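Taking it in order: structure first as structure tokens, then the write-up.
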Amino acid sequence: MDVGRRFTDLQLTFDELGTPLRETTFVVFDLETTGTKPGPDGITEIGAVKVRGGQVLGEFGTFVNPGMPIPPQIVSLTGITTAMVHDAPRIERVLPAFLEFIGGAVLVAHNAGFDTGFMRAACAAHGYAWPKAAVVCTVRLARRVIPREETPSYRLSALAHLFGASTTPNHRALADARATVDVLHGLLGRVGNLGVHSLEELLDYLPEITPAQRRKRGLAADLPERPGVYLFRGPGEEVLYVGTAGNLRRRVRQYFTGSETRGRIREMVALAVRVDSVECAHSLEAEVRELRLLAAHRPAYNRRSKNPRNAWWVVLTDEAFPRLSVVRVARDGALGPFRTQAGAKTGADVLAGATGLRTCTQRIPANAASGTPCVLAELGRCGAPCAGKQSVPEYAPAVESVEELIGGVGNEALHNAIRQIDELAAAEHYEQAARRRDELAGLIRSVDRAHRLAALAAIPELVAASPDGSGGWEFAVIRYGRLASAGVARRGVPPMPIVDQLVAAAETVIPGTDPLRGATSEEVGVLLRWLGRQGVRLVKTAVPWAEPARGAARWRSWVDLAGHARELEYAAN
């Protein structure tokens with residue numbers, strides 16, 4: 001009997017609960033990588049197949065430039081060489097399309113921990129949220145339903161042979177994903193004979209579910225099937241964990257099934273006595289409310305976003321000969337935010353080197369300075385105001401150059417930095433030039449991000465709409481970089497009266513004096529990503545939304561070229 005046909009023709013019983021397997025969308029995916037450890041090793045190829053009811057709905061396949069040479073043993077295994085991925089996109093360019101492809105689906109992989117581990121690490125490294133989807137590991141499922149006497153091993157090749165897969169796995173991502181689809185359908189046919197017909201029953205059937213998880217499934221019973229935020233609470237009413245979901249009941253139920261394998265989350269579930277929820281109009285509102293609840297409660301079992309104001313900024317000190325200082329509290333004219341203190345320090349050093357600002361921490365009087373010049377003065381990288389060799393007016397152009405770059409009204413500092421890199425290269429100091437190039441690219445990305453965040457945060461009120469995929473609209477009212485109101489107009493409902501109601505009921509926001517007007521960089525970043533989605537339209541805005549004409553955005557192509565040069569250097573080594 002054809003495996004796909006057998007799966008499609010499964011009949012459901014009247015007492016079946018949950019999502020029928022034949023109505024569940026699965027995305028079966030596979031990765032090829034340069035090694036086994038996410039982070040140090042990179043992804044070289046992604047292959048994915050979307051299926052529902054035994055029918056293929058779409059495929060996704062691409063090479064990925066890992067930014068490093070592919071080891072010989074990996075080339076021997078996969079046949080993928082460094083030359084083959086040389087012109088491929090980097091993972092940060094692939095992630096948006098891949099995340100869109102897998103959206104709303106149950107993820108399936110052979111040895112899923114490996115593949116999801118690499119994708120989680122890639123998302124974390126580039127600022128993307130890995131979806132909170134159910135995950136099915138075909139290795140674990142096969143070990144549960146196939147006796148060892150039926151197969152010599154549980155490797156993909158052995159299972160593909162057992163089920164007569166139409167594609168032979170060959171350590172190439174898309175071919176292995178196609179083979180895994182046939183293996184999945186074969187396994188679903190096996191569990192169907194055991195009475196497993198819904199997604200929830202399948203996840204429950206997988207091994208390693210604890211009795212504590214099973215007993216607490218009732219905590220999800222009263223949750224709505226709506227988008228929103230959920231909060232697990234402990235015996236003392238403390239918030240243990242906060243998350244978001246497109247369907248609150250379905251997402252929370254997954255914590256009590258075998259799809260949840262994280263040790264700390266299982267521990268959290270064992271402690272939880274109640275699950276509260278906050279219904280939201282759409283996913284954007286849920287994501288913003290999650291950020292705010294994480295900051296308010298700082299749950300012990302969440303790992304991210306508990307300190308939204310724990311950022312670093314670069315500011316000019318208030319003295320006769322200002323220098324750049326790394327601080328925690330932003331003020332008007334600050335550059336940032338930076339995620340780490342080290343990143344802020346590097347940015348300050350690059351900017352100081354490009355403009356001639358001093359880097360010493362001593363306080364220098366405006367007149368009659370009598371200090372001893374440091375080695376930077378001897379190298380011509382500082383005018384030595386500490387020794388009275390530079391007056392306040394002579395020092396002022398360096399300060400103005402920094403202020404112009406941060407304010408987006410001038411970029412002479414970047415031109416200076418590139419000239420310095422060219423001089424190092426001309427003198428054949430290639431390693432130093434490459435290091436300066438990479439540091440400058442990092443600074444430009446930081447300034448570009450700062451300009452984009454600040455531009456949105458400066459708008460008193462902006463109303464935007466995104467298509468909901470069903471002929472309706474999702475609305476967001478944004479004030480000074482914060483979500484002030486959210487709502488929807490379903491298909492057939494006149495949208496503008498809804499917009500007027502949302503604006504009238506929107507939260508009042510009092511702007512601060514820092515570059516983000518008191519908003520957190522995480523919330524402004526979430527809003528920016530949403531506004532940049534395909535199909536989003538601006539309904540109205542109080543003032544024009546525009547980035548600085550002389551901002552760092554003009555240098556994005558230079559940053560791309562610098563990244564390409566770095567990739568070539570990795571490949572050569």
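The structure presented is a predicted model; accordingly, all values stated were derived computationally and were not measured.
The backbone N or O of Ile70 sits less than 3.5 Å from a side-chain atom of Thr82, completing a donor-acceptor pair. Looking only at distances, a side-chain donor or acceptor of Asn302 sits under 3.5 Å from a matching main-chain atom of Val242. Here the side chain of Arg449 pairs a donor or acceptor atom with the backbone of Pro337 at under 3.5 angstrom. Formation of a donor-acceptor pair under 3.5 Å by the Ser401 side chain with backbone atoms of Pro397 is not found in this model. Without hydrogens or angle criteria, Asp176 side chain to His171 main chain gives a donor-acceptor distance under 3.5 Å. Proximity of a side-chain donor or acceptor of Tyr395 to a complementary backbone N or O of Pro322 within less than 3.5 Å is detected. A donor-acceptor contact shorter than 3.5 Å is absent between the side chain of Glu474 and the backbone of Pro467. Remark: side-chain polar atoms of Asn65 are not paired, donor with acceptor, to backbone N or O of Arg90 under 3.5 angstrom. Distance alone, capped at 3.5 Å, is enough to place a donor-acceptor pair between the Thr34 side chain and the Gly42 backbone. Between the side chain of Arg482 and the backbone N or O of Ala484, no donor-acceptor pair lies under 3.5 Å.
Counting heavy atoms from C-beta outward, Leu294 and Pro299 have side chains that approach closer than 4.5 Å. The shortest distance between side-chain heavy atoms of Cys280 and Val229 falls below 4.5 Å. Glu523 has its side chain within reach of Leu483: a pair of non-hydrogen atoms, C-beta onward, lies under 4.5 Å apart. Side-chain contact between Arg93 and His126 is absent, with no heavy-atom pair separated by less than 4.5 Å. Side-chain atoms of Arg323 and Thr361, non-hydrogen and from C-beta on, do get closer than 4.5 Å to each other. Contact of the Ile459 side chain with the Arg479 side chain is not registered, since no non-hydrogen atoms from C-beta on lie closer than 4.5 Å. Annotation: side chain of Val49 is not in contact with side chain of Phe60 (no heavy-atom distance under 4.5 Å). Taking the side chain as every heavy atom from C-beta outward, Ile91 and Ile46 approach each other to under 4.5 Å.
The distance from atom NE2 of His451 to atom CZ of Arg554, rounded to the nearest 0.5 Å, is 12.0 Å. Between Thr513 atom OG1 and Leu516 atom CG the span is 11.0 Å, to the nearest 0.5 Å. Distance check, rounded to the nearest 0.5 Å: CG of Leu440 to OG1 of Thr346 gives 12.5 Å. Here Phe29 contributes atom CZ and Met119 contributes atom CE; the two are 6.5 Å apart, rounded to the nearest 0.5 Å. Between atom CZ of residue Phe321 and atom CZ of residue Arg358 there is a gap of 8.5 Å, rounded to the nearest 0.5 Å. The structure places OG of Ser521 at 7.0 Å from CH2 of Trp313, a figure rounded to the nearest 0.5 Å.
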Scan the side chains in residues 99-111 for donor-acceptor partners under 3.5 Å anywhere in the protein, sequence neighbours excluded, and list what turns up.
residue	atom	partner	partner atom	Å
His110	ND1	Thr138	OG1	2.7
His110	NE2	Tyr154	O	2.9
His110	NE2	Leu156	N	3.3

In residues 532-548, what donor-acceptor pairs under 3.5 Å come from side-chain atoms, sequence neighbours left out?
residue	atom	partner	partner atom	Å
Arg533	NH2	Ser466	OG	3.1
Thr541	OG1	Val543	O	2.7

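Salt bridge Arg452/Asp448: present, at least one basic N to carboxylate O contact under 4.0 Å. In summary, Glu32 and Arg172 do not engage in a salt bridge, as defined by a charged side-chain N under 4.0 Å from a carboxylate O. We find that Glu319 and Arg363 are joined by a salt bridge, their nearest charged nitrogen and carboxylate oxygen being less than 4.0 Å apart. Here Arg289 pairs with Glu285 in a salt bridge; the nearest charged N to carboxylate O distance falls below 4.0 Å.
No more than 12 heavy atoms of other residues, nucleotides or ligands shown are found within 6.0 angstrom of NZ on Lys389. Residue Arg120 places its CZ atom among more than 12 non-hydrogen atoms of other residues, nucleotides or ligands, all under 6.0 Å distant. The 12-atom threshold is exceeded at CD of Gln73, counting heavy atoms of other residues, nucleotides or ligands nearer than 6.0 Å.
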Original post:
Between Leu174 and Glu59, is a side chain to side chain contact (heavy atoms under 4.5 Å, CB included) present by the stated rule, with each step listed?
Top reply: CA-CA 8 Å; Leu174 189 54; Glu59 292 188 339; 4.0 Å; yes

Original post:
Run the salt bridge (charged side-chain N to carboxylate O under 4.0 Å, His left out) check on Arg445 and Glu92 step by step: do they pass?
Top reply: CA-CA 14 Å; Arg445 282 192 292 267; Glu92 58 267 30; over 6 Å; no

**OP:** Start with the C-alpha gap between Glu394 and Ser391, add the side-chain angles, then the distance that decides, and say whether side-chain hydrogen bond (donor to acceptor under 3.5 Å, both in side chains) holds.
**Re:** CA-CA 5 Å; Glu394 291 170 336; Ser391 66; 3.3 Å; yes

Subject >> Criterion salt bridge (charged side-chain N to carboxylate O under 4.0 Å, His left out) on Arg292 and Glu522, from CA distance to verdict >> reply: CA-CA 10 Å; Arg292 295 177 182 178; Glu522 287 191 332; over 6 Å; no

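Aromatic ring pairs are classed by plane angle as parallel below 30°, tilted from 30° to 60° and perpendicular above 60°; the pair His86 and His564 is perpendicular. Ring pair Trp555/Trp558 is perpendicular by interplanar angle, where above 60° counts as perpendicular and below 30° as parallel.
For the pair Arg328 and Trp312, the cation-pi criterion (under 6.0 Å, within 45° of the ring axis) is fulfilled.
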